[in-house]
Amino acid sequence: MDQYLQEAIRKALLNMNLDEDQIPKIVIETPRDPSHGDSATNIAMQLAKPLRNNPRKIAEQLIDEMNLDSKKVSSVEIAGPGFINFRYATDYLYDELEHILSSGDYFGRSDQNSGKRILVEFVSANPTGPLTVGHGRNAVLGDTVARLFEWTGAEVQREYYFNNAGRQMRVLGQSVQARYLEELGKDAELPEGGYEGEYIKEIAKTLVEKHGDSLLNEVDESIFKAEAESAIFDEIRKTLERMNIVMDSFFNENTLYENGSIDKTIEEFRKKGVAYDKDGAVWFKTTKFGKDKDTVLVKSTGEPTYRLPDIAYHANKLDRGFDLCLDVFGADHIDTYPDVLNGISVLGYDKQRVDVLVYQFVTLVKDGKPFKMSTRKANFVTLDELMDEVGEDVTRFFFLMRSPNTHLEFDVAQAKEAGEKNPVFYLQYAHARIQSILRKAADVADFSENADLSQLVHDAEVALIKKLLGFPEAIELATKHREPHRVITYLNELASGFTTFYHDCRILTDDKKLMQARTELARATAQVLANGLSILGISAPDRM
RNA sequence: GCGCCCGUAGCUCAACUGGAUAGAGCAACUGCCUUCUAAGCAGUAGGUUACAGGUUCGAUUCCUGUCGGGCGUACCA
């Protein structure tokens with residue numbers, strides 16, 4: 001419809017002797033207030049200045065020149081300072097409702113990103129411990145944005161980037177080693193800054209089971225580290241799976257050392273004159289890109305900082321031919337992003353192909369009080385514990401509920417309440433309720449013949465159909481802005497629209513034609529709810 | 001100090017990236033279950049969009065400044 005209106009307006013403007021390049025972008029929007037019509041444009045106001053004319057006059061002229069199909073648009077009016085409001089014809093609504101029903105699981109999909117290959121990198125927590133609530137937002141946002149890309153036609157790969165070679169991992173190995181010794185009755189102390197979590201002991205125990213005391217005299221921590229890594233990764237994978245997340249690939253930072261990308265990156269930087277030696281370290285001339293300091297790439301110890309592999313990693317991703325690489329990370333990592341962009345553009349890549357989704361921190365609220373966490377200190381709530389407590393659907397929902405750009409308060413008490421306080425049930429309940437009605441409808445009538453949708457004339461029915469039609473747009477916006485919460489906002493409005501309809505219009509009535517039409521409307525609503533929930537990775541139960 | 005993000009109803013947050021009378025959910029209050037699921041519905045109350053300027057037909061949205069909060073600002077990741 002938007003396209004149709006844009007085209008009609010454009011033609012009308014051309015008839016008004018405007019040149020192609022005089023026409024600004026024609027924006028069609030859905031007014032907040034339904035009394036302002038179904039679609040509106042501000043084009044007349046935009047043209048007021050260049051045409052030096054009153055916007056309402058321009059609107060009048062424009063409407064005269066427009067040639068609209070009465071099967072699609074029933075009325076056009078000028079309102080306020082110069083808005084042009086369009087109202088849809090009911091025939092159009094019935095056709096579109098028909099379209100939803102025949103599209104089924106596909107309704108809402110688009111070709112916005114078709115032909116694109118997109119890599120979404122997320123979670124990317126080093127295997128030093130179980131995933132915590134802090135990682136949860138990252139995981140769910142990344143996966144859901146990936147789903148949005150899929151719904152808009154892209155081919156998506158989900159990748160988990162990790163590093164098992166750094167100092168943290170060494171300390172982890174040493175922590176396991178210490179617990180292993182303790183397990184065998186020896187005196188041992190956790191290393192400085194060691195990991196205190198209970199899971200370390202568990203890993204030590206499995207080592208005792210596997211190897212007995214044969215590792216007593218190991219001099220370094222590598223065996224312990226290896227065991228810890230694989231045990232922790234198993235857990236992480238399980239946790240993710242439980243959240244409906246399956247990675248397509250795990251990328252080990254070490255690959256970049258082995259295949260020479262790291263060295264190559266440094267060489268290339270030197271060649272381009274953006275790297276230099278000072279105090280035994282190698283520096284990246286980030287001042288050249290507007291930062292107030294240069295940045296160390298390789299420490300005087302010879303060990304690279306994380307920035308260097310980050311740059312090499314992004315080059316690697318781009319080499320793999322992705323049209324877009326999206327990184328998902330928390331606000332604390334934002335500072336590395338410009339360095340990576342500058343780094344890859346030095347290497348000759350197009351910065352536009354890398355984008356980032358930054359989210360603000362999660363505050364877990366327990367017993368009405370914020371709860372501070374640290375992985376190393378083992379005072380954290382794992383994602384598994386959270387899911388045990390509130391369930392998988394609720395967990396996903398809460399992480400998606402808010403704009404990534406704002407701090408998220410995860411109130412465990414609220415999430416646990418199965419009742420009215422919990423917003424996820426509102427959507428699932430609407431779906432279950434419709435399914436229940438459809439089951440009953442199947443008992444009382446035979447729906448083999450086509451329904452006469454023109455029976456749907458009640459305000460609540462018409463409003464619901466219009467809301468259903470807004471689904472593709474909601475997905476488009478959510479994808480464009482990488483903001484899954486827009487889908488939730490939409491679904492809430494949809495569910496609310498359905499409940500109004502449910503309340504005002506009895507579906508199972510004696511009037512068979514009417515019942516059939518209403519049943520179809522309910523079925524379409526259930527379909528859109530289910531489609532929306534599947535984008536969010538949340539179940540749409542048939543019974544509750 | 002500098003950089004990024006944020007400040008909207010008592011609380012948690014929306015507002016289609018500059019549009020029309022700023023909206024939901026909790027919490028509060030008033031009604032509604034012999035009728036398809038009351039995990040629901042209808043209604044009431046609640047606001048100087050932190051503050052002060054500016055840009056224009058029009059600002060919660062953009063610009064400047066002030067105040068308040070979060071995160072960075074390492075030869076840590």
Side-chain angles (χ1 to χ4, degrees), chain A residues 27 29-33 35-36 40 42 45-46 48-49 54-55 79-83 85 125-126 128 163 166-169 193 278-283 290-293 295-307 310 330-338 358-361 363 365 368 401-411 414 417-426 428-430 432-441 444 470 473-474 476-478 480-481 485-486 488-490 492-493 495-496 499-500 502-509 515 518-519 522 543-544:
Chain A
V27 180
E29 54 181 25
T30 312
R32 267 202 278 264
D33 184 345
S35 72
H36 292 138
N42 62 353
M45 280 133 82
Q46 298 221 327
K49 197 172 252 182
N54 179 325
F83 289 101
N85 296 337
N126 287 338
T128 57
N163 153 19
R167 194 180 65 86
Q168 290 302 320
M169 287 300 290
K278 195 181 93 185
D279 305 331
V282 184
W283 295 72
K291 281 192 34 167
D292 29 333
K293 280 181 199 162
T295 309
V296 173
L297 291 174
V298 183
K299 297 186 249 177
S300 50
T301 59
E303 230 177 337
T305 63
Y306 65 99
R307 241 160 256 244
D310 265 4
D332 54 338
H333 283 55
I334 186 67
D335 262 20
T336 84
Y337 179 61
V358 179
Y359 60 90
Q360 302 296 319
F361 281 176
T363 316
V365 176
M401 200 161 59
R402 305 301 181 203
S403 158
N405 216 2
T406 88
H407 292 270
L408 172 70
E409 196 159 292
F410 197 127
D411 187 331
Q414 187 184 4
E417 268 195 68
E420 44 216 274
K421 279 189 193 167
N422 193 324
V424 68
F425 289 112
Y426 187 70
Q428 296 184 319
Y429 182 67
R433 187 186 247 172
I434 295 171
Q435 294 305 329
S436 163
I437 294 168
L438 294 179
R439 281 191 296 271
K440 288 215 165 78
V444 293
E473 190 192 6
E476 245 170 71
L477 286 171
K480 192 168 122 202
H481 300 296
H485 76 280
R486 288 168 188 270
I488 291 184
T489 307
Y490 168 80
N492 274 323
E493 288 165 8
S496 160
T499 334
T500 305
Y502 169 84
H503 186 257
D504 292 352
C505 306
R506 177 133 188 116
I507 296 168
L508 305 177
T509 66
M515 171 163 72
R518 285 181 172 169
T519 306
R543 284 181 177 45
M544 282 176 81

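We name chains A, B, ... by the order of the sequence lines, and we start the count at 1 in each one. For the numbers below, each heavy atom of this structure counts, side chains included, while hydrogens, waters and symmetry mates do not.
Here the CZ-CD1 distance, from A:Arg518 to A:Ile437, works out to 11.5 Å after rounding to the nearest 0.5 Å. We find the CZ-CG distance between A:Phe83 and A:Asn42 to be 6.5 Å, quoted to the nearest 0.5 Å. Annotation: the span from A:Arg402 atom CZ to A:Gln360 atom CD amounts to 14.5 Å, rounded to 0.5 Å.
Within the 3.5 Å criterion, the main-chain N or O of A:Asn492 finds no donor-acceptor partner in the side chain of A:Ser496. At distances below 3.5 Å, not a single donor-acceptor pair connects side-chain atoms of A:Asn126 with backbone N or O atoms of A:Thr128. In this structure, the side chain of A:Ser436 does not engage the main chain of A:Ala432 through any donor-acceptor pair within 3.5 Å.
As rounded to whole Å, 13 Å separates atom P of B:U73 from atom CG of A:Asp292. Protein atom CD of A:Glu493 is 11 Å distant from nucleotide atom P of B:G25, rounded to whole Å. Protein atom OH of A:Tyr502 is 9 Å distant from nucleotide atom C1' of B:A38, rounded to whole Å. Distance, A:Leu508 CG to B:U37 P: 8 Å, rounded to whole Å. Summarising the geometry, the separation between OH on A:Tyr426 and C1' on B:U12 is reported as 18 Å, rounded to the nearest angstrom. Summarising the geometry, the separation between CG on A:Leu408 and C1' on B:C71 is reported as 16 Å, rounded to the nearest angstrom. Rounded to whole Å, the distance from CZ on A:Arg307 to C1' on B:G72 is 10 Å. Atom CG in A:Asn126 sits about 16 Å away from atom P in B:C76, given to the nearest Å.
When heavy atoms are screened at a 4.0 angstrom cut-off, A:Ala441 is found touching no nucleic acid atom at all. Contacts of A:Leu477 with the nucleic acid, taken as non-hydrogen atoms under 4.0 Å apart, involve only primed sugar atoms and P, OP1 or OP2. Across all strands, A:Ser436 comes closer than 4.0 Å to base atoms (heavy-atom distances). Using a 4.0 Å heavy-atom criterion, one finds that A:Ala430 contacts no nucleic acid atom at all. Note on A:Thr30: a base of the nucleic acid sits closer than 4.0 angstrom, heavy atoms only. Counting non-hydrogen atoms under 4.0 angstrom, A:His481 reaches a base of the nucleic acid. Across all strands shown, A:Ala474 has no heavy atoms under 4.0 Å from either base or sugar-phosphate atoms. The residue A:Ala48 sits apart from the nucleic acid: no heavy atom pair falls under 4.0 Å. Using a 4.0 Å heavy-atom cutoff across all strands shown, A:Thr500 reaches sugar-phosphate atoms only and no base atom. A:Asn492 comes within contact range of no nucleotide atom at all, as no heavy-atom separation falls under 4.0 Å. Counting non-hydrogen atoms under 4.0 angstrom, A:Asn85 reaches a base of the nucleic acid. At a threshold of 4.0 angstrom between heavy atoms, the contacts of A:Thr336 with the nucleic acid are absent.
A donor N or O paired with an acceptor N or O is found under 3.5 Å between the base of B:C75 and the side-chain atoms of A:Ser300. No hydrogens or angles were tested; on distance alone, a donor-acceptor pair under 3.5 Å links the side chain of A:Tyr306 to the base of B:A77.
Taking a centre distance below 5.5 Å and an interplanar angle below 30 degrees as the stacking criterion, A:His36 stacks against the six-membered base ring of B:A20. Both geometric conditions, a ring-centre gap below 5.5 Å and a plane tilt below 30°, are fulfilled for A:Phe83 over the base of B:A20.
Counted within 6.0 Å of CZ on A:Arg439, heavy atoms from surrounding residues, nucleotides or ligands total more than 12; the atom is thus considered enclosed.
B:A14 and B:C5 have their P atoms separated by 16 Å, with the value rounded to a whole Å. As rounded to the nearest Å, B:C51 and B:C67 have P atoms that lie 16 Å from one another. Taking atom P in both B:A20 and B:G43, the straight-line distance is 22 Å, to the nearest Å. Taking atom C1' in both B:G70 and B:A28, the straight-line distance is 31 Å, to the nearest Å. Comparing B:C16 with B:U55, their C1' atoms are spaced 24 Å from each other, to the whole Å. Using atom P as the reference point in both B:C32 and B:A24, the two lie 24 Å apart (nearest Å). Separation of the C1' atoms belonging to B:U48 and B:A22 is 13 Å when rounded to the nearest angstrom. Straight-line distance between the C1' atoms of B:A15 and B:U21: roughly 14 Å, to the nearest whole Å.
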Quiz item: Where does RNA chain B pair, written as one dot-bracket string 5' to 3', with Watson-Crick or G-U pairs under 3.5 Å, ( ) inside the strand, [ ] for crossing pairs and | for another strand?
Solution: (((((((..((((.....[...)))).(((((.......))))).....(((((..]....))))))))))))....
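Each of A:Asp332 and A:Thr301 was matched to the nucleotide of RNA chain B holding its nearest heavy atom; the match closer to the 5' end belongs to A:Asp332. Comparing A:His503 and A:Val27, the nucleotide of RNA chain B nearest to each residue sits closer to the 5' end for A:Val27.
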Enumerate all atom pairs, one protein N or O and one N or O from nucleotides 3-8 of chain B, separated by less than 3.5 Å.
unit_1, atom_1, unit_2, atom_2, d
B:C5, O3', A:Asn405, OD1, 3.4
B:C5, O3', A:Asn405, ND2, 3.3
B:C5, O2', A:Gln360, NE2, 3.1
B:C5, O2', A:Asn405, O, 3.4
B:C5, O2', A:Asn405, OD1, 3.4
B:C6, OP1, A:Asn405, ND2, 2.9

Pairs under 3.5 angstrom, nitrogen or oxygen only, protein versus nucleotides 56-61 of chain B, please.
unit_1, atom_1, unit_2, atom_2, d
B:C57, OP1, A:Lys49, NZ, 3.3

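With sequence neighbours left out, the side chain to side chain donor-acceptor pair (under 3.5 Å) criterion links A:Thr489 to no other residue. A:Asp279 pairs by the side-chain contact (heavy atoms from CB on, under 4.5 Å) definition with nothing, not counting sequence neighbours. A:Gln435 pairs by the side chain to side chain donor-acceptor pair (under 3.5 Å) definition with A:His431, not counting sequence neighbours.
Across B:U35, B:C16, B:C13, the shortest atom-to-atom separation from the side chain of A:Glu409 is found for B:C13. The side chain of A:Ser403 lies closest to B:A14 when the candidates are B:A39, B:A77, B:A14. Set against B:U37, B:A14, B:C13, the side chain of A:His485 has B:A14 as its closest nucleotide.
Here B:C33 is in the syn range [glycosidic angle within 90° of 0]. Nucleotide B:U17 is shown with a syn base, its glycosidic torsion being within 90° of 0.
Note on A:Arg433: a side-chain N or O is less than 4.0 Å away from OP1 or OP2 of B:A38. OP1 or OP2 of B:A74 has at least one side-chain nitrogen or oxygen of A:Lys293 nearer than 4.0 Å. OP1 or OP2 of B:C76 sits under 4.0 Å from a side-chain N or O of A:Lys299. The phosphate of B:U37 (OP1 or OP2) has a side-chain N or O of A:Lys440 nearer than 4.0 angstrom.
At a cut-off of 3.5 Å, with distance as the only test, no side-chain donor of A:Asn405 or A:Ser403 sits close to an acceptor on the other residue.
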